[in-house]
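To start, the structure under review is shown below, and the notes come after it.
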Amino acid sequence: MKKILVFSFLCSILFTSHFLQAQCACCSSIGCGDNSGGGSSLVRKGRILFNVTSRYSSFKPLSNSQLVQDANRDTAFEVYNKSYQLTYTFSLTYGISNRLNVSVTLPYNSISNLQTATPGQSNVDVLGTSRGISNVKTSLQYVLLQRQCCNGWELIPTLGVIAPTGVHNNVAQDGSIFDDQFQPGADSWVPVTGVTIDKMFSKFTLRGIYTYVFQYTDKMGNVDAALWNADLSGYIPIYKKGRCRKMMSDSNSTSTMSCSPSRFALNFFAGAQLERVGQDVVAYPDGAKLYNSNTGALRSYISAGFVANIKQQLFIPISIAVPFYQQENGYQVSLQWRFNAGLSYLF
């Protein structure tokens, strides 16, 4: 389950990075030719977007005594400890048309300071760090509902698949194989779906995104649970250099707006996120199946950050997210905060 959790994390990261070309000549609500938080989230026909993002997630580790105490409570499964998780995400998006895009995404995942305590034991096993390439995701995005000249709603559904290309056999310091939830990749094909919707209100843009990763059952009957996340954020420009110009037509004395890309724009955004991860199912050789009581969680966050847009080609988002409600199943570490930073370049 959590071995593919990185792909659900991508949604909010890529979401704040894909501030691309608009579907009209001038979007005055954000700035002429400037779509940092205000333009279409798709790449136009024939264009390529390269994107790299990083996410640092800090957890509140348990003490050794607390880890052993939790493991010896009413649980049949090990209790794990970890300090932080670092994920780098690389992606390419190509505009097949002005309404259809294809994306390929490859994450690199690292989970540090892993420890575990087993029920019935009084010691803590140090496992170390699990790192490696995660699974490739390929997806299609289509503009189902398109705004006209930056007016109206925009609706973009997404459909994709996660391929079993990642590392899923990492070995811990004690010689054991890391649990599935700490492997960078998964040996499974998993469908992914989602939708992005946004609306511009003068200088303010409201944007939401939802992603769902389906569950997977292997040949032995073990189940990686489904997961989903949702994001709702608002964007507002705080600085821009470059503006629309009114052009007069001599033939009929009418005026039109002519736009040139802003040399620089800076937008502030803030929002809330909600994510839900289900519980894994463990299959035993005798045919019995049991939910892993120490997996799965419901978490909600508030986030804020800035997006810099340079000449409508280079986009740099930075944000921080802090959880305000967490409900983990069983015994797990809690998340303290997350920091996101990215860089996108439009060719």
Side-chain angles (χ1 to χ4, degrees), residues 1-18 49-61 80-93 103-114 127-139 160 162-170 178-188 190 192 194 209 211-213 224-225 227-231 273-277 295 297 299 301 303 305 307 315-323 326 332-344:
M1 172 191 60
K2 286 173 285 297
K3 59 190 178 182
I4 57 177
L5 181 58
V6 63
F7 290 102
S8 75
F9 291 162
L10 291 180
C11 305
S12 58
I13 302 175
L14 296 179
F15 171 70
T16 58
S17 302
H18 288 190
L49 177 77
F50 169 75
N51 179 72
V52 57
T53 59
S54 63
R55 164 168 287 185
Y56 182 94
S57 299
S58 175
F59 297 91
K60 186 178 181 181
Y80 289 95
N81 206 7
K82 57 184 176 181
S83 295
Y84 67 89
Q85 182 169 340
L86 182 60
T87 301
Y88 296 99
T89 304
F90 305 89
S91 69
L92 283 175
T93 300
S103 299
V104 178
T105 304
L106 177 63
Y108 180 91
N109 200 33
S110 176
I111 307 175
S112 297
N113 193 28
L114 283 166
L127 304 180
T129 299
S130 178
R131 62 170 65 94
I133 295 174
S134 193
N135 292 6
V136 168
K137 183 181 74 170
T138 303
S139 60
I162 299 171
T165 59
V167 175
H168 55 272
N169 55 2
N170 277 351
F178 278 111
D179 189 77
D180 281 355
Q181 61 180 304
F182 302 118
Q183 295 290 350
D187 188 18
S188 59
V190 182
V192 183
I209 188 168
T211 299
Y212 185 87
V213 181
D224 287 339
L227 56 95
W228 58 264
N229 70 13
D231 177 287
Q273 297 79 40
L274 181 67
E275 64 184 23
R276 176 72 172 92
V277 184
T295 60
R299 295 187 176 97
Y301 312 85
S303 63
V307 183
F315 309 90
I316 306 174
I318 298 175
S319 65
I320 189 167
V322 178
Q326 300 184 72
Q332 301 181 57
V333 294
S334 297
L335 183 71
Q336 296 187 108
W337 51 270
R338 284 176 176 163
F339 176 78
N340 299 315
L343 185 149
S344 300

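- Taking a 6.0 Å sphere around OH of Tyr88, one finds it holds 12 or fewer heavy atoms contributed by other residues, nucleotides or ligands.
- Listed here is the closest heavy atom pair of Arg131 and Asn170: O-ND2, 2.9 Å.
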Derivation of the side chain to side chain contact (heavy atoms under 4.5 Å, CB included) call for Thr105 and Thr89: CA-CA 7 Å; Thr105 304; Thr89 304; 3.4 Å; yes
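- Closest of all the heavy-atom pairs between Ser134 and Thr165 is O-OG1, 3.9 Å.
- Under the 3.5 Å distance criterion, the side-chain polar atoms of Asn135 are matched with a main-chain donor or acceptor of Ala163.
- Without hydrogens or angle criteria, Ser57 side chain to Arg338 main chain gives no donor-acceptor distance under 3.5 Å.
- The neighbour count for Ile316 CD1, taken as heavy atoms of other residues, nucleotides or ligands under 6.0 Å away, is above 12.
- For the 3.5 Å distance criterion, the side chains of Thr93 and Ser103 qualify, holding a donor opposite an acceptor.
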Check against side chain to side chain contact (heavy atoms under 4.5 Å, CB included), Ser110 and Thr129: CA-CA 7 Å; Ser110 176; Thr129 299; 3.6 Å; yes
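- A distance of 8.5 Å separates CZ in Phe50 from OG in Ser344, rounded to the nearest 0.5 Å.
- Between Leu335 and Tyr301 the shortest side-chain heavy-atom distance falls below 4.5 Å.
- Using a 4.5 Å heavy-atom threshold, the side chains of Phe178 and Ile111 count as separate.
- The minimum heavy-atom distance between Phe59 and Gln336, with the atom names listed, is O-NE2, 2.9 Å.
- Residues Trp337 and Tyr56 place their aromatic rings such that the two centres sit under 6.0 Å apart.
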Stepwise side chain to side chain contact (heavy atoms under 4.5 Å, CB included) check, Asn81 with Asn113: CA-CA 7 Å; Asn81 206 7; Asn113 193 28; 5.6 Å; no
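- Listed for the Gln85 side chain is no donor-acceptor partner under 3.5 Å among the backbone atoms of Asn109.
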Side chain to side chain contact (heavy atoms under 4.5 Å, CB included) between Ile318 and Phe339, intermediate numbers included: CA-CA 8 Å; Ile318 298 175; Phe339 176 78; 3.6 Å; yes
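- Considering every non-hydrogen atom in both Pro164 and Ser188, the closest pair reads CB-N, 3.3 Å.
- Here the rule is side-chain contact (heavy atoms from CB on, under 4.5 Å) with Val213, and of Ile162, Asp224, Asn229, Val277 only Ile162 fits it.
- Of all heavy-atom pairs between Leu114 and Ser130, the closest is CD1-CB, 4.1 Å.
- In this structure, CD1 in Ile320 is found 10.0 Å from OG in Ser303, a value given to the nearest 0.5 Å.
- Between Val104 and Phe90 the shortest side-chain heavy-atom distance does not fall below 4.5 Å.
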